Amino acid sequence: SRHASPVPRPFQETTALAAFKNGFQKMRFEVVAVEDVENWKGQATMDAATDDRAECPEMMTNSHGDPVPAHLVPGRIKLEDQTVRILIGKAKAMQEAMAAFKAEAFSDIHTFMAELAAAYGVTRGGRRGGVHLDSYDGLNKVEISVADSLVFGPELNAAKDLIDECIASWSADAQPELKVLINDAFRIGSSGKVRVDRVVGLRRLDIKDERWMRAMLAIGDALKSQGSVSYVRFYQRDTPDDAWQHIPLDMSRL
């Protein structure tokens, strides 16, 4: 290019002989202005980016964990996906808000109870037991209740074996409803555990069989406390003579 003659145009075509392994070959060269080269480099970069986007389309992940090009997913499926994601986002935000409100409610009540105890010069013990607070007009009430979290120990297996013996010996005379009741009581729930209330409910049956009574004793021995759970509930009523109306915070009860 140093030997190319200047011409009043963007580039000049020239020819030269290039040495190759098998001889000489005529080749053509172009003398190009520097600013044109820079412009072409910029355009090439933009073209490459466009090509990359075209080669890497938007992807969606299916239920098997496989990436699927978004343009292959039907529109109704995309709309369903978008709807679910929006609702889940709102649900999680609501859950966080409710958890924060619960923590705030317990904190406010415990603070009040501590100040009340201090006013009488006593030191509060644990947080066992329930408490309820009323508004001055008697139309609003907040309650805290504490319930033991009960689980069954290995004695429950012995109780079930004794009950099975009873059913086997009563097979001729036992009512089908009783069998259904017992089987339902020992059914594993969605949490993978036996429902405590259903098993304990068997103890209310007035059955005098000695094996049955031993089974009920085994159920009693199997019950173990796994700590306690505190609940806070809110109530309102229109007049002091009306029944209290629970303010549900459970979506299924709204």
Side-chain angles (χ1 to χ4, degrees), residues 58-67 70 73 76-120 122-153 156 184-201 222-240 242-254:
E58 180 185 356
M59 306 297 287
M60 296 180 66
T61 304
N62 63 18
S63 59
H64 301 290
D66 302 322
V73 179
R76 62 181 179 80
I77 301 298
K78 290 181 181 177
L79 180 59
E80 180 180 0
D81 177 82
Q82 181 184 35
T83 301
V84 170
R85 292 180 185 277
I86 291 174
L87 290 176
I88 290 296
K90 292 181 178 179
K92 293 183 70 174
M94 181 64 68
Q95 181 190 47
E96 293 175 359
M98 291 184 67
F101 171 66
K102 178 181 178 181
E104 182 181 2
F106 277 108
S107 176
D108 289 349
I109 293 172
H110 291 146
T111 298
F112 166 76
M113 296 299 295
E115 292 179 356
L116 187 64
Y120 286 97
V122 298
T123 301
R124 292 194 62 203
R127 296 180 177 180
R128 297 285 299 171
V131 62
H132 77 267
L133 309 176
D134 297 307
S135 63
Y136 188 61
D137 59 8
L139 303 182
N140 303 278
K141 179 173 66 172
V142 178
E143 284 188 351
I144 285 184
S145 59
V146 181
D148 288 328
S149 177
L150 300 175
V151 296
F152 286 113
L156 186 65
D184 184 64
F186 284 91
R187 182 173 293 116
I188 301 298
S190 58
S191 62
K193 299 179 180 179
V194 175
R195 285 278 301 272
V196 173
D197 56 338
R198 292 181 180 178
V199 175
V200 173
L223 277 173
K224 302 180 186 299
S225 177
Q226 201 179 40
S228 60
V229 180
S230 297
Y231 302 91
V232 59
R233 296 182 177 89
F234 307 90
Y235 300 86
Q236 273 190 329
R237 58 185 177 184
D238 295 329
T239 71
D242 292 333
W244 288 107
Q245 300 296 320
H246 179 227
I247 302 174
L249 297 179
D250 181 357
M251 290 184 63
S252 63
R253 300 180 61 185
L254 297 178

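The model shown is predicted, which means the values in this text are computed figures rather than measured ones.
Minimum heavy-atom separation, I247 to Q236: CD1-CG, 3.9 Å. Between G153 and K224, the closest heavy-atom pair is CA-CE, 3.7 Å. Nearest heavy atoms, K102 versus S230: NZ-O, 4.3 Å. The nearest pair of heavy atoms linking V196 to F152 is CA-CE1, 3.7 Å. The two residues K78 and V73 have their closest heavy-atom pair at CE-O, 3.4 Å.
In this structure, the side chains of I144 and Y231 stay at 4.5 Å or more apart for every pair of heavy atoms. You'll find the side chain of R233 reaches within 4.5 Å of the side chain of S145, heavy atoms only. Looking only at side-chain heavy atoms (C-beta outward), D66 and T61 stay at 4.5 Å or farther from each other.
T83 places a side-chain N or O within 3.5 Å of a backbone atom of L79 that can act as its donor or acceptor partner. Looking at R237, its side chain never comes within 3.5 Å of a backbone N or O of L139 through a donor-acceptor pair. Listed for the D134 side chain is no donor-acceptor partner under 3.5 Å among the backbone atoms of G138. Not one N or O on the side chain of D108 forms a donor-acceptor pair closer than 3.5 Å with the backbone of A105.
With rounding to the nearest 0.5 angstrom, the CD1 atom of I86 is 9.5 Å from the CG atom of D81. Remark: I88 CD1 to Q95 CD distance equals 10.0 Å, nearest 0.5 Å. Here the CD atom belonging to E143 is positioned 9.0 Å from the NE2 atom belonging to H246, to the nearest 0.5 angstrom. Here T111 contributes atom OG1 and L116 contributes atom CG; the two are 12.5 Å apart, rounded to the nearest 0.5 Å.
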side-chain contact (heavy atoms from CB on, under 4.5 Å) between L249 and F234: does it pass, once the steps are laid out? CA-CA 9 Å; L249 297 179; F234 307 90; 4.0 Å; yes
Pair M113, V131 - check side-chain contact (heavy atoms from CB on, under 4.5 Å), show working. CA-CA 9 Å; M113 296 299 295; V131 62; 3.9 Å; yes
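Ring planes of W244 and Y235: perpendicular class, angle over 60° (limits at 30 and 60°).
Evaluation of the ring-ring contact (aromatic ring centres under 6.0 Å, His included) rule for H132 yields no partner, not counting sequence neighbours. For D197, the salt bridge (Lys or Arg N to Asp or Glu O under 4.0 Å) partners two or more places apart in sequence, or in a different chain, are R195.
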